[in-house]
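See structure below.
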Number of protein chains: 2
Amino acid sequence: METRTATSIFESLSSGWRLEAFRLLVRQGPDGMVAGDIASALDLAPSSLSFHLKALAHAGMVTVEQEGRFQRYRANIPLMLELIAYLTEECCAGNPASCIDLLAASSCSTEVVKAIAPKTDKS
Amino acid sequence: METRTATSIFESLSSGWRLEAFRLLVRQGPDGMVAGDIASALDLAPSSLSFHLKALAHAGMVTVEQEGRFQRYRANIPLMLELIAYLTEECCAGNPASCIDLLAASSCSTEVVKAIAPKTDKS
DNA sequence: ACAATATTTCAACGAACATTGAAACGATGA
DNA sequence: TCATCGTTTCAATGTTCGTTGAAATATTGT
């Protein structure tokens, strides 16, 4: 991932409204949400939400699909994970062992470990 | 992690200079770097670098320690991982299976898997 | 075609950010 | 203590961001 891409994503997540909108869409998963419902959920003016969704879409963090008279937005999970990889790869490169130890404390890694653990330990 | 904390961090990483500085410090690991060396490495005016380091420090992404007449900066790796956990926990909560599949494709998770794999498989 | 609905675009205003150079601060060594 | 070095602070400037309300666009149902 290029620096410019990463800064664009970070900028898109640097607003409270945009971060809440993105996390809301992450929670909805593949179903996504239409603009009006997002605006209602966040209690934000449609005009302002559109501004923020456009910023998220420009950064690639959400996708939009026309659905009748609605616009359905979805979180771009793969890109989110690319961003995480971008941040962590340098850490791992430097001192993999300590980075892994720290990652083990994160909730998502915990999920990963739980998914892998059964193969390593029966207890 | 609170939304406000996360947006503060994202904002701190939304500038090219700050992202480069942070990644540089991540690469240096526990050794960190003094301000002047960071300025040289990035070819940035000391005054401007100070502005950006202050922003990173305010967000908690770097720590600073006086060392004689130098100021030594270090990346706050644990906070970076907390941020990753903040982003990924919602994803995992919704549909753990697909989130794990996607995580497996990320470079750092690859490192994690490599670290765990030997316990699970001798090949 | 017309009206209603969903959403975006636009202009304008105020607020916040980034760069610059000069000045100030604090630590060091002669 | 004096000069020097490393770094930060400050003020000024130009740029970018966020909200608002009105207008425009696009889709649907009558």
Side-chain angles (χ1 to χ4, degrees), chain A residues 3-25 28 31-76, chain B residues 3-25 28 31-76:
Chain A
T3 299
R4 183 179 36 203
T5 307
T7 55
S8 172
I9 294 173
F10 286 130
E11 202 280 330
S12 79
L13 296 175
S14 69
S15 142
W17 292 124
R18 291 196 292 265
L19 181 56
E20 287 304 314
F22 179 72
R23 282 165 57 82
L24 182 58
L25 290 174
Q28 299 303 312
D31 293 345
M33 283 178 84
V34 299
D37 290 347
I38 301 173
S40 300
L42 300 181
D43 194 24
L44 181 63
S47 160
S48 192
L49 176 68
S50 181
F51 171 81
H52 290 301
L53 287 177
K54 190 180 178 183
L56 282 167
H58 184 258
M61 287 302 271
V62 304
T63 61
V64 57
E65 183 187 13
Q66 184 131 15
E67 192 176 292
R69 65 175 65 176
F70 303 93
Q71 298 281 119
R72 183 164 296 272
Y73 286 87
R74 293 183 179 86
N76 186 348
Chain B
T3 300
R4 185 178 37 204
T5 307
T7 55
S8 172
I9 294 172
F10 286 130
E11 200 283 329
S12 78
L13 297 175
S14 69
S15 143
W17 291 125
R18 291 197 290 266
L19 181 55
E20 286 305 312
F22 178 73
R23 282 165 58 83
L24 182 59
L25 290 174
Q28 299 304 312
D31 293 346
M33 284 179 85
V34 299
D37 289 347
I38 301 173
S40 301
L42 300 181
D43 193 26
L44 181 63
S47 160
S48 192
L49 175 68
S50 181
F51 170 81
H52 291 300
L53 286 176
K54 190 179 177 183
L56 282 168
H58 183 258
M61 287 303 272
V62 304
T63 60
V64 59
E65 183 186 14
Q66 183 130 16
E67 193 177 290
R69 65 175 65 177
F70 303 93
Q71 298 281 117
R72 183 165 296 271
Y73 286 88
R74 294 183 178 87
N76 186 348

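Numbered from 1 within each chain, the chains take letters A, B, ... in sequence-line order.
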Atom-pair distance (CZ on B:F70; C1' on D:dT8), nearest Å: 15 Å
Is it true that a side-chain atom of A:S8 and a backbone atom of A:R4 form a donor plus acceptor pair closer than 3.5 Å? no
Quick check for you: to the nearest 0.5 Å, what is the distance between B:N76 atom CG and B:L25 atom CG? 11.0 Å
Checking A:Q71 against A:L53 for the side-chain contact (heavy atoms from CB on, under 4.5 Å) test, could you report, in this order, the C-alpha distance in whole Å, the side-chain angles of both residues, the deciding distance, and whether it holds? CA-CA 11 Å; A:Q71 298 281 119; A:L53 287 177; over 6 Å; no
Are B:H52 and C:dC17 close enough that a side-chain N or O sits under 4.0 Å from OP1 or OP2? no
Approximate separation, where rounding is to 0.5 Å, of B:W17 CH2 and A:T7 OG1: 12.0 Å
Just how far, in rounded Å, is C1' of C:dT8 from NE2 of A:H58? 16 Å
Over how many whole Å does the gap from A:K54 atom NZ to C:dT7 atom C1' extend? 12 Å
CD-NE2 distance between A:E20 and A:H52, expressed to the nearest 0.5 angstrom: 12.0 Å
Counting only side-chain nitrogens and oxygens, does A:Y73 get under 4.0 Å of the OP1 or OP2 atom of C:dA6? no
Does the side chain of A:F22 reach to within under 4.5 Å of the side chain of A:V62, using non-hydrogen atoms? yes
Are any side-chain N or O atoms of B:S12 and backbone N or O atoms of B:I9, one a donor and one an acceptor, separated by less than 3.5 Å? yes
Rounding to a whole Å, what distance do you find between A:L42:CG and D:dT19:P? 12 Å
Round to a whole Å and report the spacing from CG of A:L44 to C1' of D:dG21. 14 Å
For A:L49 and C:dT8, what is the distance between atoms CG and P respectively, to the nearest whole Å? 7 Å
In whole angstrom, what separates A:F51's CZ from D:dA22's P? 20 Å
What about B:S47, does its side chain sit under 3.5 Å from the base of D:dT9 through a donor-acceptor pair? yes
Could you tell me the separation between the CZ atom of B:R72 and the CE atom of B:M33, rounded to the nearest 0.5 Å? 9.0 Å
C:dT8, D:dA26, C:dT7: which one has an atom nearest the side-chain heavy atoms of A:Q66? D:dA26
Side-chain contact check for A:R69: nearest option of C:dA6, D:dC5, C:dT8 is C:dA6
Ignoring backbone atoms, test whether B:S48 places a side-chain nitrogen or oxygen under 4.0 Å from the OP1 or OP2 oxygen of C:dT19. yes
Without decimals, in angstroms, what is the distance between B:L53 CG and C:dA18 P? 13 Å
Going by heavy atoms closer than 4.0 Å, what residues in residues 10-19 of chain B are next to DNA chain D? none
Between the CG atom in B:L49 and the CZ atom in B:R18, the distance rounded to the nearest 0.5 Å is 11.0 Å
For DNA chain D, find the residues of residues 32-39 of chain B with a heavy-atom distance under 4.0 Å and give them by number; none if there aren't any. B:V34, B:A35, B:G36
